[in-house]
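Heavy atoms only: backbone and side chains are in, while hydrogens, waters and symmetry mates are out. Heads up: numbering here begins at 1 and tracks the sequence.
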Amino acid sequence: MSNSKPSARHPETYSKRPASPFGRIVYKAAHSAAIVYPATVMLVAAILVVVFSILSVAPFGGGQKTLAVNDANMQYLSFFAYLKDVLSGNNSIGYTFSKGLGGNNVAVFSYYLMSPFNLLVVFFSKVHLNDFYDILVLLKLCTAGLTMSVYLTHRLGPRLNRLYTVLLSVSYALMQYNLEQSRNVMWLDGVYMLPLMALGVYYCIHRHRSLLLILSTAFAVVFNWYTAVLDGLFIVMWYVVESVALSDERHAKVLPVIWHNLGRFVLSGVAGLGLSAFVLLPTALQLGRGRGRINLGDRQWPFLGAGTFELQGFVHGSHSVSGAASLFIGALALFGFIGFLFTDQINRRTKIAVAGVLFIIILAFHEGSLFYVFSLLKQVVSYLYRFAYLAMFVMIAAAGAFYGSWRDVRSRRSVYTYVAFAVFLVLLVLLEVVNPVRGVLMALLTVSAGVVVVFLVVESRKIPAGSVRAGISVVLVAAVLADLGCDVCLFYRSSSGTGDYTANTSLYKNYAAEQVNQIKAVTDADHGTYRISQTSARRQGYIDKHLNWMFDEGFAYDYKPIVGYTSDPNPDEQRLLENLGYAQNDINISVVDTSILSADSLLASKYVLSRYPIEGLEKTKLPGASGKSVYRNPYALPFAFVASKDALHVLPREKPDELARIARITDGSYVLDTNPFVYQNQLFSQLTGSKVRLFEPLPFKASSHDGSTQYHLSGVGKGPVYGEIQTLDSGAVLTLKDAWIPYAKYGAPGVVYIPQNHDGSADVSYRTKHPSSPRSLNPLFYQLNLDELKRSTDILKRDRPDISHFSNGDVTMKVDAEHVEQLVISIISDSSWQVSVDGKPAKTQKVAGALISLPLKAGKHTVRMHYVVSGMKIGVAVSLVSLFAVFGYACLACRKSKRSEKRVSAISL
C-alpha cells in the first residue's frame with residue numbers, strides 16, 4: 001500500500017549504528033527481521049500470562065477463572081471432550097450417536113474442531129478442559145500476532161521499522177475482537193489466517209506468485225470454513241486495494257491492472273477451495289439439508305444502531321453492543337491509521353481504496369442488507385459483529401503503511417494528523433459525558449494512553465540514533481504494551497448483556513469429575529444398547545441460571561442422549577421432540593430437562609439421571625453425581641422393535657380437534673404447537689395397531705389474581721402427572737410444589753413433570769411477567785397410565801430384534817417377524833443411510849415423521865445399516881487432484897525462478 005521508497009535522506013530507514021552498547025542492542029532489535037517473529041509472540045504471551053495471572057485465569061494464578069463462557073461453556077467444552085474420544089478411537093467424526101438422537105457430525109466437526117491447535121487436547125483430561133481452553137485462546141492470539149508480523153515484514157519490507165512491526169502485530173493480536181471472541185475460540189482461526197491470505201493477494205498481484213494465496217485459502221477453509229468465507233469476502237476487496245497500489249507504483253490505469261491479474265487471482269482461490277474440498281464439500285452438503293438453507297423470503301433490511309455512538313468502542317475495556325461494534329486496536333495503531341488518511345507520502349488513490357474497504361465493512365455493521373451478506377446470509381441474533389476483525393486488520397495494515405512512509409514529524413500533514421487525533425480523543429470524552437458507556441474515567445484513561453504513546457512516537461523520530469533515542473524506544477514499547485495490557489485486563493474483568501467474560505472453573509471441574517464416574521458406572525453395569533437422559537446438568541446458563549443449557553453431555557461423556565445442541569440440528573428430530581412435548585427453542589435447541597416417560601420409552605432411553613424421583617422410574621444403586629441419582633426406565637423400548645403396519649399412517653388420525661394447533665411465542669417468534677399427550681396416544685395406537693390411551697386429561701380448577709393463575713388438580717390417581725401451559729406470554733414463572741422454574745421464554749421447557757401432594761392432589765401456579773396485558777392460555781394437564789404404557793411397550797417388545805452389532809454409522813440386527821409388519825428403528829431417518837434386508841438394498845420410510853422404518857415380510861431377516869457421509873469420496877478425490885495440480889504448479893514456478901536467477905547472474909557477469 002505504501003508507495004514511498006527508502007532514501008538515504010531518511011534517518012528512520014538508513015542511520016548510523018549507535019556508539020553505545022545499549023543503543024546498539026536496541027538498534028539491532030529494531031532492524032533485525034529475525035527477531036521480529038519471536039519478539040511478537042513472546043510479547044503477546046507475556047501480556048496474556050500476566051493478565052491471566054492477575055485475574056486467576058486457569059491454568060495461571062490460582063486458576064479459579066476461565067474464558068470458557070457462554071457458548072464455550074455450554075457447547076465447546078463438551079465438543080473438546082468429544083474430540084478427545086475421537087482421537088482415541090472411541091467416537092466418530094462422520095456419524096455419531098452422541099449428537100442428539102444420532103446424526104452426521106461432519107459440519108459440526110469442521111466448524112468447531114478442525115483447528116490444528118485442538119490436537120493439544122490429548123494432553124488434558126476431561127476434568128481440565130478449562131485449562132486447555134484458556135491455553136488455546138493464548139496460542140491463537142500469539143499466532144495472530146505472528147502472522148500479522150509476517151504480513152507487515154513481507155508487505156512493507158525495510159520501509160517499516162521492525163520495532164513498529166512488532167508493536168502493530170501485538171496490537172493485532174490483542175485487538176478488541178480477539179478478546180471478545182475468546183468465548184468463540186474457533187473464530188480466531190480466521191483472524192490469524194487473514195494476514196497470510198492478504199499477503200498471498202500481494203504476492204499474486206505484485207510478484208505473480210500464487211502459492212501462498214492457494215495454501216492460505218486451503219488451510220483457512222480446513223481450519224474453520226465459516227471465518228474462511230469472511231476472509232474470502234475480504235480478500236476480494238483487498239484484491240482491488242493491491243491492484244490500485246500496483247497501478248500507483250507503475251503510474252498505470254487501475255482497470256487494466258485489475259483485469260490483467262484477475263485470472264490468476266480467481267484460479268488461486270479455486271485451487272485453494274479444491275485443496276480443501278475433502279472438508280468443504282461434505283460440510284456444504286450436510287448444511288444444505290438443514291441449517292445451511294437460504295431463504296430470503298420477505299426479509300427486511302433495517303438500519304442498525306440508531307442513537308448509538310460507535311466511536312465509544314475505542315475506549316479501554318469496550319465491548320460490542322447491538323448497533324455499535326467496538327474496534328479498539330490501541331493508541332499506536334489508531335494514530336497510525338489517522339496518519340494514513342492525512343499523509344501525502346501515500347498515493348491518494350490507494351488511500352481512497354483502503355478507506356473504501358473500511359467504509360464497506362463499517363457500513364455492514366449498520367445497513368441491514370450488507371450485514372446479512374457479511375453474516376453469510378443467515379439471521380444472526382447473537383455475537384453480531386463476527387466480521388469486525390476485518391475492519392481492524394484494515395486499520396492496522398494502514399497504520400503500518402503510514403509508519404513505513406512517515407518521514408517528517410514537523411510537516412503540515414503531520415500537524416493535521418496530530419490535530420485529528422486530538423479531536424478524536426476529545427470526542428471520546430464528550431461522548432462518554434453525553435452517553436456514558438464505559439465512563440468518563442475510562443475515556444480519560446484512553447486519552448492519557450493516546451497522548452503518551454504519540455508523544456513517544458514523535459520524540460523517537462525527532463532524535464537522531466543514539467542512546468537517548470534507544471531509551472525513548474524502550475519507553476515507547478512499555479507504553480504500548482501497557483496500553484494494550486490495560487485494555488485486556490479491563491475487558492476480561494467486565495461483563496456484557498450475555499454475562500461475564502470469565503467463569504468459575506471449580507463448578508465445571510467438580511461436575512465433570514463426578515459425571516465421568518457416573519456414566520462409567522452405568523455403562524459398566526449395563527453393556528446393552530440404550531440411550532441415557534437427564535433432568536438437569538450444570539446450572540450455568542448465561543441467560544437464566546435456573547434453566548438447563550447443557551444439552552451436549554452426550555458428546556462430553558460419550559453416551560447416547562436424546563438431545564443435543566449444535567449449529568447443525570436435524571429438523572425432523574426437533575419436530576419429533578416438539579411433538580412429544582420437549583419444547584423447541586429457536587432453530588438449534590430442543591429443551592429436554594425432565595423425563596416424559598412414554599416419550600423416553602419410545603426413544604430407547606433406559607436410564608434417567610435425575611435430582612428428583614419421577615413416578616414410574618426405578619431408582620438404582622448406582623452411584624449418584626452432582627445430586628443426580630440413576631433411575632432405570634422399565635418401559636424403555638429397544639433401539640429397534642417390530643410395529644404394526646399402521647405405523648406409517650400420518651398423524652393425526654382421530655379427534656383432530658384435540659390436536660388443534662395454536663400459536664405459542666418462543667424467543668419472540670411464533671411457532672406451531674400441538675397437544676403432545678393426545679399425539680402420543682395416537683402414535684402408540686398406530687405403532688401397536690390397537691386402541692391406546694396412555695394419557696388421560698385431569699380435571700382442574702383455575703383461579704386468577706394479579707397476573708397469577710392457580711391450578712388445582714384433583715382426582716389424581718396412580719401414574720406420573722404432566723402439564724403444559726400453552727400461552728402467548730413471553731415470560732412467566734411456573735411454581736410446582738416447592739420448586740419454581742422460568743417458563744414461556746427462551747430456554748424454558750414445554751411439558752413439565754408435576755409432583756403430587758400428600759393427599760394425591762397437585763397444584764400449579766403460573767405467574768406472567770405481563771399482568772397488565774394477559775395473554776391467552778391453554779392449560780394441559782394429563783396423567784400417564786403406567787399399566788397402559790406397560791401393555792403397549794410389551795406388545796412392541798414381543799418380536800424384539802437381536803442387535804448383533806451397534807456402533808456409530810454401522811448397525812446389524814436379525815429380526816423374526818410373525819406377520820407383514822414394520823421394523824421401527826429409533827434412529828433419525830437420513831438419505832445417507834444405506835440399508836439392506838437379507839443382502840438386498842431396501843428403501844426406508846419414516847415413522848412419526850422422523851424415525852427409520854422398514855417394511856418386513858413374515859419370516860427371519862438380517863438387516864444391515866451403514867452410514868456414508870455424502871460428498872466425502874468426491875471431496876477427497878477433488879482434493880487429491882488439486883494437490884497434484886498445485887504441486888505441479890509449484891515445481892514449474894520453482895524452475896522458472898531458477899532460470900530467472902541464472903539469467904540475472906549471467907547478465908551481471
Check your understanding: Does the Ser829 side chain pair with the main chain of Ile852, one donor and one acceptor, at a distance under 3.5 Å?
Key -> no

Point to revise | Residues Trp833, His866; criterion side-chain contact (heavy atoms from CB on, under 4.5 Å); working and verdict | key: CA-CA 6 Å; Trp833 277 109; His866 177 67; 5.6 Å; no

Check your understanding: Can Asp85 and Lys126 be counted as an ion pair, charged N to O under 4.0 angstrom?
Key -> yes

Practice item. Taking the side chain as every heavy atom from C-beta outward, state whether Thr217 and Met197 have any atom pair closer than 4.5 Å. Key: yes

Review point. Do the charged groups of Lys140 and Asp189 touch, with an N to O distance under 4.0 Å?
Key: yes

Practice item. Decide yes or no on side-chain contact (heavy atoms from CB on, under 4.5 Å) for Phe109 and Val279, but give the supporting numbers first. Key: CA-CA 10 Å; Phe109 199 93; Val279 170; over 6 Å; no

Practice item. Answer yes or no: does atom CZ of Arg864 have more than 12 heavy-atom neighbours from other residues, nucleotides or ligands under 6.0 Å? Key: no

**Study point:** Rounded distance [0.5 Å steps], CG in Leu113 versus OH in Tyr111
**Key:** 11.5 Å

Review point. In terms of ring plane angle, is the pair Tyr112 and Phe79 parallel, tilted or perpendicular, where the classes change at 30° and 60°?
Key: tilted

Check your understanding: So, Asn224 side chain and Gly190 main chain: donor-acceptor pair closer than 3.5 Å or not?
Key -> no

Check your understanding: Have Arg531 and Ser826 got a donor and an acceptor in their side chains that come within less than 3.5 Å?
Key -> yes

Practice item. To the nearest 0.5 angstrom, please state how far the CG atom of Leu83 sits from the CE atom of Met114. Key: 10.0 Å

Check your understanding: Can you name the nearest heavy-atom pair linking Ser216 to Leu213, along with the distance?
Key -> OG-O, 3.2 Å

Revision key, fill the gap. Closest non-hydrogen atoms of Ser533 and Ile562, given as atom of the first, atom of the second and distance, are OG-CD1, 3.7 Å

Practice item. Please answer whether the main-chain N or O of Tyr192 pairs with a side-chain N or O of Thr147 as donor and acceptor at a distance below 3.5 Å. Key: yes

Review point. What distance do Leu139 atom CG and Leu188 atom CG have between them, rounded to the nearest 0.5 Å?
Key: 11.0 Å

Point to revise | Tyr389 vs Tyr177, ring pair (Phe, Tyr, Trp, His ring centres under 6.0 Å): CA-CA, chis, key distance, verdict | key: CA-CA 6 Å; Tyr389 69 94; Tyr177 178 91; 5.0 Å; yes

Exercise for review: Determine whether Arg183 and Asn73 make a side-chain contact, defined as any pair of heavy atoms from C-beta on separated by less than 4.5 Å.
Suggested key: no

Practice item. Quick one: closest heavy-atom pair of Ala640 and Leu823, and the distance? Key: CB-CD1, 4.2 Å

Review point. With a 3.5 Å cut-off and no angle check, do the side chains of Asn184 and Tyr76 form a donor-acceptor pair?
Key: yes

Revision key, fill the gap. Heavy-atom closest pair (Tyr383 atom, Asn70 atom, distance to 0.1 Å) is OH-CB, 3.3 Å

Practice item. Compare every heavy atom of Leu129 with every heavy atom of Tyr508, then report the nearest pair and how far apart it is. Key: OH-CD1, 3.4 Å

Check your understanding: With no hydrogens and no angle check, do the side chains of Thr812 and Ser804 hold a donor and an acceptor under 3.5 Å apart?
Key -> no

Practice item. Output, in order, the C-alpha distance, side-chain angles, deciding distance and verdict of side-chain contact (heavy atoms from CB on, under 4.5 Å) for Tyr95 and Ser807. Key: CA-CA 9 Å; Tyr95 187 96; Ser807 63; over 6 Å; no

Check your understanding: When Tyr867 is tested against each of Asp810, Asn808, Thr96, Asp830 for side chain to side chain donor-acceptor pair (under 3.5 Å), which residue passes?
Key -> Asp830

Exercise for review: Indicate yes or no: at least one non-hydrogen side-chain atom of Val824 is less than 4.5 angstrom from one of Phe639.
Suggested key: no

Review point. Just by distance, with hydrogens left out, do Asn91 and Ser98 show a side-chain donor and acceptor under 3.5 Å apart?
Key: yes

Point to revise | Student check: side-chain heavy atoms of Ile135 and Leu120 closer than 4.5 Å | key: no

Check your understanding: Leu267 versus Ile214: any side-chain heavy-atom pair under 4.5 Å?
Key -> no

Exercise for review: Mind running ring pair (Phe, Tyr, Trp, His ring centres under 6.0 Å) on Trp187 and Phe387 for me, showing each step along the way?
Suggested key: CA-CA 9 Å; Trp187 292 343; Phe387 53 93; over 10 Å; no

Check your understanding: In this structure, are over 12 heavy atoms from other groups packed under 6.0 Å from Phe219 atom CZ?
Key -> no

Review point. Does the side chain of Lys846 come within less than 4.5 Å of Asp572's, by heavy atoms?
Key: yes

**Study point:** Main-chain N/O of Ser870 paired with Gln286 side-chain donor or acceptor, under 3.5 Å
**Key:** no

Practice item. Compare all side-chain heavy atoms of Tyr530 with those of Val522 and state whether any distance is below 4.5 angstrom. Key: yes

Point to revise | Short side-chain to backbone donor-acceptor contact, Ser567 and Val108, under 3.5 Å | key: no

Review point. Side chains of Arg289 and Ser832: do they bring a donor and an acceptor to under 3.5 Å?
Key: yes

Point to revise | Polar side-chain atom of Ser375 near backbone of Leu377 as donor-acceptor pair, under 3.5 Å | key: no

Review point. So how far is it from Ser369 OG to Phe371 CZ, rounded to the nearest 0.5 Å?
Key: 11.5 Å

Exercise for review: Assign the ring pair Phe555 / Tyr82 to parallel, tilted or perpendicular, where the plane angle (0 to 90°) is split at 30° and 60°.
Suggested key: perpendicular

Review point. Once you round to the nearest 0.5 Å, how far does OH of Tyr889 lie from OG of Ser268?
Key: 6.5 Å

Check your understanding: If you measure from CD1 on Ile93 to CG on Asn105, what distance do you get to the nearest 0.5 Å?
Key -> 9.0 Å

Review point. Closest heavy-atom contact between Gly875 and Leu281?
Key: N-CD2, 3.7 Å

Review point. Would you call the rings of Phe80 and Phe132 parallel, tilted or perpendicular, where under 30° means parallel and over 60° means perpendicular?
Key: perpendicular

Review point. What class does the angle between the rings of Trp238 and Phe393 fall in, given that below 30° is parallel, 30 to 60° is tilted and above 60° is perpendicular?
Key: perpendicular

**Study point:** Donor-acceptor contact below 3.5 Å, side chain Lys843 vs main chain Leu854
**Key:** no

Point to revise | N/O donor-acceptor pair under 3.5 Å between Gln834 side chain and Met865 backbone | key: no

Point to revise | Gln845/Ser853 under side-chain hydrogen bond (donor to acceptor under 3.5 Å, both in side chains): CA gap, chis, key distance, verdict | key: CA-CA 5 Å; Gln845 299 169 304; Ser853 177; 4.9 Å; no

Exercise for review: List for me each residue that meets salt bridge (Lys or Arg N to Asp or Glu O under 4.0 Å) alongside Asp600, sequence neighbours excluded, and say none if there are none.
Suggested key: none

Practice item. Ignoring hydrogens and angles, tell me if any N or O in the side chain of Ser879 forms a donor-acceptor pair with the backbone of Ala277 under 3.5 Å. Key: yes

Point to revise | Qualifying residue for side chain to side chain donor-acceptor pair (under 3.5 Å) with Lys99, from Asn104, Asn570, Asp568, Thr566 | key: Asp568

Check your understanding: Yes or no on ring pair (Phe, Tyr, Trp, His ring centres under 6.0 Å) for Phe806 and Phe97, after CA distance, side-chain angles and deciding distance?
Key -> CA-CA 10 Å; Phe806 194 99; Phe97 284 106; 4.7 Å; yes

**Study point:** Side-chain heavy atoms of Gln515 within contact of Glu553, under 4.5 Å
**Key:** yes

Review point. Counting only heavy atoms not in Ile874, do more than 12 sit closer than 6.0 Å to its CD1 atom?
Key: no

Point to revise | Between Ser590 and Gln584: side-chain donor-acceptor atoms closer than 3.5 Å | key: no

